[in-house]
Structure formats: C-alpha cells, structure tokens
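Notes to accompany the following structure.
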Amino acid sequence: MKEKELRRSQAVLPIGTVMKLTKLSARQIRYYEEQELVKPQRNEGNRRMYSLNDIDRLLEIKDYLDEGINMAGIKHIYEEKERKQAEKQAQLQKPLTDADVRRILRDEFMSIGGLSKQSLSFKHNRNF
DNA sequence: TTTCTCACA
DNA sequence: TGTGAGGA
C-alpha cells in the first residue's frame with residue numbers, strides 16, 4: 001500500500017492542469033499556497049508542481065469555502081488534523097499500558113469465540 | 001505558450 | 001480575488 005501513497009504524493013501536475021481539475025483560478029491556487037494550505041513542489045524552472053494529494057486538498061478547501069468557512073477557519077481545521085496526527089505518532093512510541101494489554105487480550109478471546117458454529121453461519125450470511 | 005512575481009486608473 | 005505588466 002506504500003507504492004500507491006508514493007504515486008499520490010508525486011508532484012507532476014502544472015498549475016494549468018490543477019486549475020481545470022479544481023475549477024479554481026491560478027490566483028486562488030497560489031493564494032492558498034501562500035496561506036500554507038497546500039505545499040506544491042517547484043521544478044527546475046521555479047514552476048509549481050502539484051501531486052494528486054494536493055488536488056484532493058484543494059478540492060477539500062473549495063468545499064469548506066462553499067460551507068462558508070474562511071481562510072482562518074480552514075487553517076484551524078488543518079492544524080487540528082496535524083495535532084491529532086502528532087498524537088497518534090506519539091502514541092505509537094509509548095509502550096503498551098495495562099489497559100491496552102487487557103483490551104488486546106479481550107479481542108483475542110472474542111476472536112477465538114468467533115469460531116463457534118453460530119458465528120460462522122452469521123459471517124456466512126453476512127457476506128452473501 | 002505557460003507560468004512566475006509584483007502591484008493596483 | 002481579478003487583472004495587467006514584464007520577464008523566463
């Protein structure tokens with residue numbers, strides 16, 4: 001699943017293509033970059049190159065704008081998103097707490113119990 | 001031709 | 001946010 005992520009983050013689209021894909025003006029696209037809502041890369045000629053992820057981000061921004069959210073508000077949304085990401089990363093570094101261990105063990109038991117005839121038929125019916 | 005930066009009769 | 005200038 002990493003190959004796909006790499007492709008989506010490959011900056012290969014010039015601003016003209018992005019304009020058509022997002023229906024945004026070049027002015028707007030550049031302005032959003034100034035507001036650090038998107039961070040396109042630059043090629044050897046100082047031209048902005050966008051990735052598919054950037055396209056998604058721009059479309060998302062457009063949606064927020066339609067919902068009446070201003071630049072400041074959108075910035076806050078992404079700040080929140082980054083803050084939560086940082087939290088997840090930090091959580092991955094920590095050793096498991098007792099509560100985590102208990103939760104994992106419980107899930108293990110549930111999984112084993114899930115092999116009973118009753119749940120097998122349930123799974124079967126659910127999938128078809 | 002397309003995109004860049006800068007600035008505002 | 002639009003638009004035009006002047007350059008690459």
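Here is how names work: the chains are called A, B, and so on, in the same order as the sequence lines, proteins then strands, and each is numbered from 1.
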| A:Y50 OH to A:Q41 CD distance, which is reported to the nearest 0.5 Å | 11.5 Å
| For chain A, the stretch of DNA chain B it reaches, first to last nucleotide, under 4.0 Å of its heavy atoms | B:dT2 to B:dT5
| note | Sorted by chain and residue number, the side chain to side chain contact (heavy atoms under 4.5 Å, CB included) partners of A:K84 (sequence neighbours excluded) come out as A:E80
| task | List for me each residue that meets side chain to side chain contact (heavy atoms under 4.5 Å, CB included) alongside A:I77, sequence neighbours excluded, and say none if there are none. | result | A:Y64, A:I69
| message | Taking salt bridge (Lys or Arg N to Asp or Glu O under 4.0 Å) as the cut-off, I'd like each qualifying pair that reaches into residues 15-31 of chain A, sequence neighbours left out, listed once. | response | none
| task | Mind calculating the distance between CD (A:E33) and P (C:dT1) to the nearest angstrom? | result | 15 Å
| remark: The salt bridge (charged side-chain N to carboxylate O under 4.0 Å, His left out) partners of A:E87 (sequence neighbours excluded) come to A:R83
| Who are the side chain to side chain donor-acceptor pair (under 3.5 Å) partners of A:K75, not counting sequence neighbours? | A:Q35
Residues 6-17 of chain A side chain polar contacts: donor-acceptor under 3.5 Å, at least two apart:
residue, atom, partner, partner atom, Å
A:R8, NE, A:N53, OD1, 3.2
A:R8, NH2, A:D56, OD2, 2.1
A:S9, OG, A:E5, O, 3.0
A:S9, OG, A:L6, O, 3.0

| task | Produce a footprint string for nucleotides 2-8 of chain C: one letter per nucleotide, 5' end first; B if the base is under 4.0 Å from any protein heavy atom, S if only the sugar-phosphate is, - if neither. | result | BB----B
| Can you give the dot-bracket line for DNA chain B, using ( ) for pairs inside the strand, [ ] for pairs that cross earlier ones, | for pairs with another strand and . for unpaired bases, where Watson-Crick and G-U count if both distances are under 3.5 Å? | .|.|||||.
| request: List for me each residue that meets side chain to side chain donor-acceptor pair (under 3.5 Å) alongside A:R48, sequence neighbours excluded, and say none if there are none. | output: A:E33
| query | Is there a side-chain contact between A:D54 and A:Y32 (heavy atoms, below 4.5 Å)? | reply | no
| Heavy-atom neighbours of A:E36 CD exceed 12 at 6.0 Å | no
| field | A:R42 versus A:N46, side-chain donor and acceptor atoms under 3.5 Å | value | yes
| Any residue of residues 51-72 of chain A with a heavy atom less than 4.0 Å from an atom of DNA chain B | none
For residues 94-103 of chain A, which side-chain N or O atoms pair as donor and acceptor with protein atoms under 3.5 Å away, sequence neighbours left out?
residue, atom, partner, partner atom, Å
A:T97, OG1, A:A99, N, 3.4
A:T97, OG1, A:D100, N, 3.1
A:T97, OG1, A:D100, OD2, 3.0
A:D100, OD1, A:R103, NH2, 3.3
A:D100, OD2, A:T97, N, 3.1

